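One structure below.
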Amino acid sequence: MAHKKRSLELDIEVDGEPYVWRVQRQPQWSSDAAGWRGMAIAVRHQDGQREAVLEFPPAPAPRRGTPLLQPAQIPPHVVAKAIASAIVAGWDPLSRGKTVAIVLDATGG
């Protein structure tokens, strides 16, 4: 029997609103994106349906054997700033529709 991948979601509050986020994509090599792609997190409002995928720029290539990035290693203030930046960029977390992809800088801005 196939095992389902367990998605670890974390809660965060931004401007008094509750959000849920998870690591969507680890930093990885991509042949179609001219090299390394950065980490991406998926965010949604706790009461909403519409997700935003917030993409960070690639960091230097990890060394072979480096463990995967864990959500607890991502500073909460970076996630909060990324969510606030996504809202400023036009993401309406309580609307309906397709997932929105937003590219951020390394600090979440």
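Numbers for residues simply follow the sequence, beginning at 1. Note that the structure is predicted; figures quoted are calculated from it, not measured.
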So CD of Glu51 and NZ of Lys98: to nearest 0.5 Å the spacing works out to 15.0 Å

Nearest heavy-atom contact between Ser85 and Leu104 is CB-CD2, 4.0 Å

For Pro76 and Ile12 the tightest heavy-atom approach is O-CD1, 3.4 Å

Between Arg50 and Arg96, the two heavy atoms sitting closest are NH1-O, 4.0 Å

When Val20, Asp92, Leu94 are each screened for side-chain contact (heavy atoms from CB on, under 4.5 Å) with His45, the one that passes is Leu94

(message) Between Ile102 and Met39, is there shared hydrophobic-cluster membership here, with clusters defined by ILVMFWY side-chain heavy atoms closer than 4.5 Å?
(response) yes

The reported gap from CD in Glu9 to CD in Gln46 (rounded to nearest 0.5 angstrom) is 9.5 Å

Hey, what's the ring geometry for Trp91 with Tyr19, parallel, tilted or perpendicular (30° and 60° as the breaks)? tilted

| Counting heavy atoms not belonging to Asp15, are there more than 12 under 6.0 Å from its CG? | no

Closest non-hydrogen atoms of Leu54 and Ile83, given as atom of the first, atom of the second and distance, are CD1-N, 4.1 Å

Intermediate values then yes/no, side-chain contact (heavy atoms from CB on, under 4.5 Å), Leu10 and Ile74
CA-CA 11 Å; Leu10 300 171; Ile74 303 168; over 6 Å; no

Next on the checklist: Quick check: is Val53 connected to Val78 through a chain of hydrophobic side chains (ILVMFWY, heavy atoms under 4.5 Å apart)?
Outcome noted: no

Are there over 12 heavy-atom neighbours, none belonging to Gln49, within less than 6.0 Å of that residue's CD?
no

In terms of heavy-atom contacts, Gln24 and Ala42 come closest through OE1-CB, 3.4 Å

